[in-house]
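Let me begin by presenting the structure, written as structure tokens, before commenting on it.
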Amino acid sequence: MASETRKLLVTGATGFLGRHVLQALHASQPDTQALALCRRRADWNRQAWATPLDNVDVVEGGVTGAEGWTGDRRLKDCAGIVHLAAVVRHSRHEPADLYETNIEGTLRMVRLAAQLRCPMVFVSTSGTVGCFESPEDKADEDAPYVERTVGSWPYYDSKIQAERKARALAAQLGVSLTIVRPPILLGPGDHRLRSTGHVLKYLRGAYPFLIEGGMSFVDVRDAAPAILRALGHAAQRPVYHLDGTDCGVVEFFELCRQVCGVRPPARVLPFGVAHRLAATAERMARLAHRKSPLPDPVVIEMGRHYWGLTSLHAERELGYKTRPPRQTLADTIDWLRRNALTPTNS
Ligand SMILES: NC(=O)c1ccc[n+]([C@@H]2O[C@H](COP(=O)([O-])OP(=O)(O)OC[C@H]3O[C@@H](n4cnc5c(N)ncnc54)[C@H](OP(=O)(O)O)[C@@H]3O)[C@@H](O)[C@H]2O)c1
């Protein structure tokens, strides 16, 4: 490609959001070259969805560990960093790699942005500010961190620390940094079966019960183009929220039932009972070196909260629009049925 080609570095390229960001870039700016950071080139080569993306070049490396790749000549004149790489795991068990990746990895990308003199978008999560006891509460971009609520959940704790430290480092190094906070991402193409894993478990009938609480989600196909556009506003806008559909857990699975006909569990347990069951199952599973059949206790604790989010600027400045939630659920379920369920259990 010619040396004046616009280039963007995308971390987390092999993930669910990375896939959609790269696809959105290919669709909207096919002349922009994406430098996709991948820990192992072989992993990238296995991504069949990436084959049509002829504007993507792989940079082999991680956001933690050796940083030799940051001297790659292809990064010269990079127009921006879209930092998506993270460990997303909802558990208190052995969180060291999660903290290292989510905090130190983000700070390394801020230092790289300073070195390359380019703006950076860091995708955090709505849960750093939008997690409440009541469905009435909503967080806008100016809301304070909710560390008292989420501080014992390593993933959210790491994202709050990453946001704070990245903001301070960016100010010190003169980097234009904008933080984008989406809620749970759903939609087709979650090839790692992580972000949409709870929908897959529901389709498999693997949930023995539900609990009362909240849920907030957005379509990854709506979030990805907005994240790309946020790069153009990194100098002016410190934070964008990408609000989606806020609903109850029971209501969410009822919506899924209306879309696909699979009945969700009828039993809705009080939080205390569900939490005790999950904690006991987790202890026993660890002793037996097995995976617990119940959700991690952290997931139960999260599930009883509400994740209300308001976007003040995304629609006007990023052209952010969300499609109807039923369409997101229908496309998520359809994709999971075709790609993750065998004919016997679909
Ligand atoms: N999915 C959601 O519901 C959701 C909601 C809100 C915010 N977010 C945020 O959106 C971002 C992307 O999420 P996702 O759903 O796409 O996650 P994902 O599917 O689990 O993908 C995670 C990505 O991060 C990469 N990664 C992990 N550790 C790394 C390291 N040390 N160095 C380089 N790359 C590393 C993974 O690469 P490997 O292939 O090498 O493992 C993978 O590409 C994350 O920052 C997440 O916090 C996600």
Side-chain angles (χ1 to χ4, degrees), residues 9-24 34-47 49-50 56 58-67 69-70 81-90 96-109 112 120-131 150 153-163 166 179-187 189-199 215-224 226-227 230 240-245 299 302 307 309 328 332:
L9 176 69
V10 179
T11 76
T14 52
F16 180 38
L17 182 57
R19 169 184 184 149
H20 284 276
V21 162
L22 291 176
Q23 288 173 338
L35 297 169
L37 184 72
C38 300
R39 286 193 276 188
R40 292 162 295 271
R41 184 179 290 273
D43 287 352
W44 176 258
N45 293 342
R46 274 198 293 273
Q47 314 286 329
W49 56 268
V56 179
V58 171
V59 174
E60 201 168 15
V63 298
T64 53
E67 289 177 21
W69 64 269
T70 58
I81 298 178
V82 181
H83 176 50
L84 314 174
V87 174
V88 189
R89 198 170 59 229
H90 300 300
D97 64 323
L98 180 147
Y99 279 102
E100 169 73 9
T101 304
N102 297 1
I103 302 173
E104 298 310 320
T106 301
L107 296 182
R108 284 173 186 188
M109 292 308 99
L112 180 61
M120 169 168 155
V121 166
F122 161 41
V123 175
S124 182
T125 165
S126 65
T128 58
V129 292
C131 182
V150 307
W153 305 332
Y155 170 68
Y156 294 101
D157 182 41
S158 74
K159 287 285 192 178
I160 290 179
Q161 291 194 49
E163 284 196 22
I179 294 171
V180 180
R181 299 185 184 129
I184 291 177
L185 300 168
L186 297 181
D190 182 17
H191 49 280
R192 299 162 83 101
L193 306 178
R194 192 200 53 69
S195 194
T196 57
H198 59 291
V199 181
M215 157 92 190
S216 181
F217 66 94
V218 72
D219 196 301
V220 67
R221 295 166 294 181
D222 299 329
I227 288 166
Y240 284 105
H241 281 184
L242 302 180
D243 58 352
T245 300
V299 175
M302 286 162 52
W307 305 79
L309 200 69
T328 299
T332 305

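The first residue of the sequence shown is numbered 1, and numbering continues consecutively from there. Each ligand, and each atom within it, is numbered from 1 in the order the structure gives. No hydrogens, no waters, no symmetry mates; every other heavy atom, side chains included, goes into these values.
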On a heavy-atom basis, the closest approach of W69 and G62 is NE1-O, 2.9 Å
Return the NE2 to OG distance between H83 and S124, rounded to the nearest 0.5 Å. 9.5 Å
Could you walk me through whether T64 and E100 pass the side chain to side chain donor-acceptor pair (under 3.5 Å) check? CA-CA 7 Å; T64 53; E100 169 73 9; 5.2 Å; no
For residues A86 and K159, report the shortest heavy-atom separation together with the two atoms involved. CB-NZ, 3.7 Å
Quick one: sort the Y156 and W307 rings into parallel, tilted or perpendicular, breaks at 30° and 60°. tilted
Tabulation required: pairs of a nitrogen or oxygen in ligand 1 and a protein nitrogen or oxygen under 3.5 Å; columns are atom names and distance to 0.1 Å; otherwise 'none'.
from	atom 1	to	atom 2	distance (Å)
ligand 1	1 (N)	R194	NH2	3.2
ligand 1	1 (N)	S195	OG	2.8
ligand 1	3 (O)	L185	N	2.8
ligand 1	3 (O)	S195	OG	3.0
ligand 1	15 (O)	R194	NH2	2.7
ligand 1	16 (O)	F16	N	3.2
ligand 1	16 (O)	L17	N	2.8
ligand 1	17 (O)	R194	NH2	3.4
ligand 1	19 (O)	F16	N	3.0
ligand 1	20 (O)	R194	NE	2.9
ligand 1	24 (O)	A86	N	3.3
ligand 1	24 (O)	A86	O	3.4
ligand 1	28 (N)	R39	NH2	3.3
ligand 1	31 (N)	T64	OG1	3.1
ligand 1	32 (N)	V63	N	2.8
ligand 1	37 (O)	T14	OG1	3.2
ligand 1	39 (O)	T14	OG1	2.5
ligand 1	39 (O)	R192	NH1	2.9
ligand 1	40 (O)	R39	NE	2.8
ligand 1	40 (O)	R39	NH2	3.4
ligand 1	41 (O)	R39	NH2	2.8
ligand 1	41 (O)	R192	NH2	2.9
ligand 1	43 (O)	G12	O	3.3
ligand 1	43 (O)	T14	N	3.3
ligand 1	43 (O)	T14	OG1	2.7
ligand 1	43 (O)	G15	N	3.1
ligand 1	45 (O)	L84	O	2.8
ligand 1	45 (O)	V123	O	3.4
ligand 1	45 (O)	K159	NZ	2.9
ligand 1	47 (O)	Y155	OH	2.5
ligand 1	47 (O)	K159	NZ	3.0

Worked verdict on D243 versus H241 for side chain to side chain contact (heavy atoms under 4.5 Å, CB included): CA-CA 6 Å; D243 58 352; H241 281 184; 5.5 Å; no
